[in-house]
Amino acid sequence: MKKLLAIVTFLVVCLLPLEVLASKEELSFLKDIPGWKASEPHYLKYAGGEQKAFYIRRFYERGDGARLEVLFAGGTQGEKLAQALKGRLEVETSDFILKYRQIDGYQALISYAPKEKKGFVAVFLKDSPSLLLLARFSAVSDKEIWPILKKLSWPRLISQGLAFLKKEGNL
């Protein structure tokens, strides 16, 4: 799981030179989740040659200590993240799970440590242009994470992500 998180972090950091802050009006895709305290979203959009992308990151915390970090990425950044995450070998032991699943018709990858109740998920919302929802969580079970993430309304995220990329000239 640490290697997977390192890959995602590396890909995000590699794209930072293209960083342009976006306004809340442009990228207000990650809404509040009922029962969770949410941070202000962090918005970035990228433009550099053929690369046009965005990502929105937001932290959530629940009163019982559960934590959630969500990243919604689209365009060339989402594509690079998706390529790094797809095609991994599946593993399932009592200490660690790394599996692909179909959740409401979307391919998803979960990396989860049951004893620690910590994990990471990637939901591949759209292939071209790429839209990807990533979440790192703790004090949440692998069964509980899906209904929580669905409260972000995946079809709405897809619609807003595509509209933003079209506006930026990436479609």
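Numbers here are sequence positions counted from 1. Note: hydrogens, waters and symmetry copies are ignored here, and every other heavy atom, side chains too, is used.
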Closest non-hydrogen atom pair, Gly65 against Ala139: O-CB, 4.1 Å
Verify same cluster id: Phe59, Leu30 (apolar side-chain graph, 4.5 Å): no
Set of salt bridge (charged side-chain N to carboxylate O under 4.0 Å, His left out) partners for Lys143, sequence neighbours left out: none
4.5 Å side-chain heavy-atom contact, Leu152 and Leu157: yes
Atom of Leu165, atom of Gly74 and distance for their closest heavy-atom approach: CD1-C, 4.3 Å
Asp32, CG atom: more than 12 neighbouring heavy atoms under 6.0 Å: yes
Closest non-hydrogen atom pair, Tyr100 against Leu85: OH-O, 2.7 Å
Val70 side chain near Arg57 side chain, heavy-atom distance below 4.5 Å: no
Beyond-backbone contact of Pro114 with Lys117, side-chain heavy atoms, under 4.5 angstrom: no
Separation of Phe72 CZ from Leu134 CG (nearest 0.5 Å): 10.5 Å
For Arg101, salt bridge (charged side-chain N to carboxylate O under 4.0 Å, His left out) partners two or more places apart: Asp142
Contact check, side chains of Ile148 and Tyr60, non-hydrogen atoms, under 4.5 Å: no
Verdict with supporting geometry, Ile103 and Lys150, side chain to side chain contact (heavy atoms under 4.5 Å, CB included): CA-CA 10 Å; Ile103 307 293; Lys150 287 179 190 177; 3.6 Å; yes
Distance-minimising heavy-atom pair for Glu92 and Lys99: OE1-CD, 3.1 Å
Any side-chain heavy-atom pair of Val123 and Leu132 under 4.5 Å: no
Point-to-point distance, once rounded to the nearest 0.5 Å, from OG of Ser130 to CG of Leu125: 9.0 Å
CA sep, side-chain torsions, deciding dist, call: Phe96, Ser111, side chain to side chain contact (heavy atoms under 4.5 Å, CB included): CA-CA 7 Å; Phe96 181 72; Ser111 172; 3.3 Å; yes
Arg67, CZ: over 12 other non-hydrogen atoms inside 6.0 angstrom: no
Heavy-atom neighbours of Lys37 NZ exceed 12 at 6.0 Å: no
Non-hydrogen atoms of Pro34 and Lys151 that approach each other most closely: CD-CD, 4.2 Å
Residue pairs involving residues 131-152 (criterion ring-ring contact (aromatic ring centres under 6.0 Å, His included); sequence neighbours excluded): Tyr112-Phe137
Validation row, ring centre Phe54 to ring centre Phe29 under 6.0 Å: yes
Side chain to side chain, Lys31 and Arg156, heavy atoms closer than 4.5 Å: yes
CA sep, side-chain torsions, deciding dist, call: Arg62, Glu144, salt bridge (charged side-chain N to carboxylate O under 4.0 Å, His left out): CA-CA 13 Å; Arg62 201 167 54 189; Glu144 184 185 10; 2.6 Å; yes
Nearest heavy-atom neighbours spanning Lys115 and Ser94: CE-O, 4.2 Å
Stepwise side chain to side chain contact (heavy atoms under 4.5 Å, CB included) check, Lys86 with Asp127: CA-CA 11 Å; Lys86 286 186 174 181; Asp127 285 332; 2.9 Å; yes
Note, Leu133 side chain near Trp154 side chain (heavy atom, < 4.5 Å): yes
Close side-chain approach of Pro41 to Ile56, heavy-atom, < 4.5 Å: yes
Derivation and outcome, side chain to side chain contact (heavy atoms under 4.5 Å, CB included), residues Val91 and Ile97: CA-CA 6 Å; Val91 176; Ile97 298 167; over 6 Å; no
